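These notes concern the structure reproduced below.
Here the structure is a predicted model, which means the values were calculated and not measured.
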Amino acid sequence: MANRQYTDIPKTMQQIAGKNSGITAKAQMDDRNVYVSISNGKASKFLILPLSAQATGGNA
């Protein structure tokens with residue numbers, strides 16, 4: 001999230017879905033996070049990406 005081009009995320013997700021048959025890719029934003037979901041109908045992945053530089057665990 002370092003480049004802060006958050007508005008590019010939904011467009012990129014649409015491009016991914018368009019180039020990959022059977023893939024759905026969506027992104028939503030609020031004032032704190034970007035919520036990303038990717039699915040192929042059998043498996044799904046959900047990510048919550050913080051907009052601000054906050055600790056996400058590990059040894060940062």
message: Which heavy atom of A17 sits nearest to which heavy atom of I23, and what is that distance?
response: CB-O, 3.6 Å
query: Quick one: hydrophobic cluster around I48, which other residues, with the 4.5 Å side-chain cut-off, linked directly or via members?
result: Y35
- prompt: Would L47 and K45 count as a side chain to side chain contact (heavy atoms under 4.5 Å, CB included) if you check the C-alpha gap in whole Å, the side-chain angles of each, and the deciding distance to 0.1 Å?
  reply: CA-CA 7 Å; L47 301 169; K45 178 74 173 181; 3.6 Å; yes
- request: Decide yes or no for L51 and R32: does some side-chain heavy atom of the first lie under 4.5 Å from some side-chain heavy atom of the second?
  value: no
pair Q14-T12: side-chain heavy atoms closer than 4.5 Å: no
task: Answer yes or no: does atom CD of Q15 have more than 12 heavy-atom neighbours from other residues, nucleotides or ligands under 6.0 Å?
output: yes
field: For K26, all residues meeting side chain to side chain contact (heavy atoms under 4.5 Å, CB included), sequence neighbours excluded
entry: S37
message: In the structure I gave you, are the side-chain heavy atoms of M13 and I38 within less than 4.5 Å of one another anywhere?
response: yes
- line: Taken in chain and number order and not counting sequence neighbours, the residues that satisfy side chain to side chain donor-acceptor pair (under 3.5 Å) with S39 are S44
message: Taking the side chain as everything from C-beta on, heavy atoms only, tell me whether V36 gets closer than 4.5 Å to L49.
response: yes
- request: Quick one: pull up CG in N40 and OG1 in T24 and give me the separation to the nearest 0.5 Å.
  value: 8.0 Å
